[in-house]
Amino acid sequence: CGSVLLVIAADEGVMPQTREHLAIVKLLGVQRGVIVLTKRDLVDAEWSALVGREVRELLVGTPLAAAPLVEFSAVTGEGRDALLAAIDAQLETLSVRPEDAPARLPIDRVFTVEGFGTVVTGTLWRGVIRMGETLELQPSGRSVRVRRVQVHGETVEIAHAGQRTAVALHGVDRDQVHRGEWLVAPASVRASRVVDVRFELLPDYNREWKADTRVRFHLGASEIIGRLVLLEGASMRGGTSMLAQLRLEHEAVAARGDRFVVRSYSPSRTVGGGAVIEPVAARRRRTAAGLEQLEVHESGSIEARVLEKLGGLKKIAHVEEIAKHVGEGVPAVTAALQVLDARGSVIGTSAGRWIADDRWSEARHAIDTAVREFAEKHPARYGVMKGELKSGLKGVMDGPLFDAAFASLQAETVIEQNGERVRPGDIAWEAPPEMLRALEGLERELEAAGYLVPEVSAWQPKLGAAASEVVAMGFFLGRLVRVSAELTYTSAQLERLRATLREWFMAHEELTVADFRDITGASRKFAVPLLEHCDRVGWTVRVGDARRAG
């Protein structure tokens, strides 16, 4: 949570801005620091002691109550050694910022340096920044390359978390970058105009805070205008906290756990702050279910938050995507998923890809149900076409989830696939006798016509309501072949045609349409579709206006 230097001028003492700065320190969660009384050369010892007592009274009940107090003068140098010693002591107790996390730097200055182009500066919140690597500007999403890195004016190969850093960027102009934006590792965070938070109203706020109030939201170096919407009540009093949602006029780039400050819109003064719970949220209503979900996000275990997020995604997600959604590192999320897997709460569909168990069960059930319903409705057909099945369920699940759930059902023989058709694995298929008799009647009619078969519209009405089922069964069994939209033949007819063509090409190099009509007795109306079918299946190859053996 860092450390702070709280600077107070000895000749002025505690001022309104001192109280506001102290409030901001508390809102940001800073737990330690050093109190510095400056301008010591302007006051006598008695006045300095008086100001010191005033400061100590101000700090009672705060994390800085026991912080060391150093009197200092920039003019005479008095207190310099004591101040440096106090700072060193603070640094020794600070925890190291995470360097294995994706880089994240809030930009507080932007300028141009001749020979290096656009330069941005900020304090690196987490991760490292290396010379030559590719990073991303958020919320613009622009990709940039690091040309040079400096820490406190010294050029370095790597800047580490916690260091004051300047980065020269390639791929972006000065006017394309602004204070308040972020320099981050690619795809590590997402920008959003809606953020779920825990909001704390300062104790000295002496009026009722309304449920929907316009505010100034401060995070990193950014200030964004928006509305703070309370989720647990119509109003709140100073010194209390509440789950809330920030609905912003521009995108914020937040992460779970980020501390922020809220200032009133007008006049602008600090009124509260808090912590980010859900950095990319949807607008919430004040419902019990919504609040319960948000409470899980706020204080639930990492396993509970991962499971809740997976349930909301309703798809197979890679561990890196899940980590980004819950605001935790990949190793921690991977460990949480392994715990959930052991409990049977999640399913690993492939390496690094996971889905909530209930969502997985829903997907499998939807596929199994659709296959069984089709089999019951169309007994003459072996099963539903897989492509048709997938398309019919696209409103229920996306493609990757369908593929994974389908494969698992097939592996367990819950369903079986023959060619492109899918049916229940525990029900043997038999062609209905009445449908077989109808198919045999159709075959006799087509065979009797030679190659001059009647068009579909001529024989389909004779089969009545069962026509589509009979034909589908004929195609599946390989007893019927559709040559064109109007013409269907039996497989026996086409096998005879194939034998006729083979015999022709034993004696001839080419076959014209006229030749085809002579050897089959088919008119041009039938000859052209039949020849095109022969081309498609490879029995013939068209060369100009003639055919050769395929």
Side-chain angles (χ1 to χ4, degrees), residues 359-449 453-497 529 533 536-537:
R359 182 56 185 152
W360 177 251
S361 298
E362 289 173 9
R364 283 169 49 96
H365 178 71
I367 295 172
D368 185 34
T369 300
V371 169
R372 292 180 184 278
E373 288 179 350
F374 186 92
E376 183 177 345
K377 185 177 181 180
H378 304 283
R381 306 188 192 190
Y382 179 83
V384 61
M385 297 291 288
K386 183 180 179 181
E388 180 182 332
L389 175 67
K390 186 173 184 177
S391 177
L393 292 172
K394 66 182 180 181
V396 180
M397 67 190 81
D398 64 4
L401 176 53
F402 174 90
D403 293 339
F406 183 93
S408 73
L409 290 169
Q410 190 176 15
E412 297 169 18
T413 66
V414 175
I415 58 176
E416 65 179 27
Q417 183 174 354
N418 188 330
E420 284 300 310
R421 292 195 175 272
V422 183
R423 67 173 290 99
D426 58 351
I427 302 175
W429 180 76
E430 293 183 5
E434 68 278 10
M435 299 278 185
L436 276 176
R437 288 193 293 271
L439 175 59
E440 290 165 358
L442 175 59
E443 288 175 316
R444 287 193 294 271
E445 181 178 356
L446 295 175
E447 291 278 354
V453 295
E455 294 185 356
V456 172
S457 58
W459 53 258
Q460 196 172 46
K462 300 176 186 178
L463 296 174
S468 61
E469 299 299 307
V470 171
V471 174
M473 184 177 68
F475 290 148
F476 173 72
L477 293 175
R479 291 167 61 167
L480 296 179
V481 179
R482 180 181 286 118
V483 169
S484 70
E486 297 81 18
L487 300 177
T488 296
Y489 288 83
T490 68
S491 57
Q493 286 174 298
L494 292 180
E495 281 302 315
R496 287 195 293 273
L497 175 60
H533 174 78
R536 286 195 299 272
V537 297

Answer yes or no: is there a side-chain heavy-atom contact under 4.5 Å between [X] and [Y]?
{"X": "I415", "Y": "R423", "result": "no"}
{"X": "V371", "Y": "V414", "result": "no"}
{"X": "R479", "Y": "M473", "result": "no"}
{"X": "F402", "Y": "I367", "result": "yes"}

How far apart are the closest heavy atoms of [X] and [Y], and which atoms are they?
{"X": "V456", "Y": "L487", "result": "CG2-N, 4.4 Å"}
{"X": "A472", "Y": "R381", "result": "CB-NE, 3.6 Å"}
{"X": "T488", "Y": "V453", "result": "O-CG2, 3.8 Å"}
{"X": "W360", "Y": "S408", "result": "CZ2-OG, 3.4 Å"}
{"X": "M397", "Y": "A366", "result": "CE-CB, 3.9 Å"}
{"X": "I427", "Y": "R372", "result": "CD1-NH1, 3.9 Å"}

Polar side-chain atom of [X] near backbone of [Y] as donor-acceptor pair, under 3.5 Å:
{"X": "R536", "Y": "V483", "answer": "yes"}
{"X": "Q417", "Y": "G419", "answer": "yes"}
{"X": "S391", "Y": "E388", "answer": "no"}
{"X": "D398", "Y": "L401", "answer": "yes"}
{"X": "W429", "Y": "P424", "answer": "no"}
{"X": "S491", "Y": "G478", "answer": "yes"}
{"X": "E445", "Y": "W459", "answer": "no"}
{"X": "E469", "Y": "A466", "answer": "no"}

Measuring from [X]:[atom1] to [Y]:[atom2], what's the distance to the nearest 0.5 Å?
{"X": "L393", "Y": "T369", "atom1": "CG", "atom2": "OG1", "answer": "9.5 Å"}
{"X": "H378", "Y": "E373", "atom1": "NE2", "atom2": "CD", "answer": "10.5 Å"}
{"X": "Q493", "Y": "L480", "atom1": "CD", "atom2": "CG", "answer": "9.5 Å"}
{"X": "R496", "Y": "E447", "atom1": "CZ", "atom2": "CD", "answer": "4.0 Å"}
{"X": "E416", "Y": "L409", "atom1": "CD", "atom2": "CG", "answer": "13.0 Å"}

| Counting heavy atoms not belonging to E412, are there more than 12 under 6.0 Å from its CD? |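 Counting other residues, nucleotides and ligands, CD of E412 exceeds 12 neighbours.
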
| Row check, F406 ring normal vs K386 NZ/CZ: under 6.0 Å, within 45° |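 Pair K386/F406 counts as cation-pi.
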
| request: Classify the ring geometry between Y382 and F476 as parallel (under 30°), tilted (30 to 60°) or perpendicular (over 60°). | output: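 Parallel: the ring planes of Y382 and F476 meet at under 30°.
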
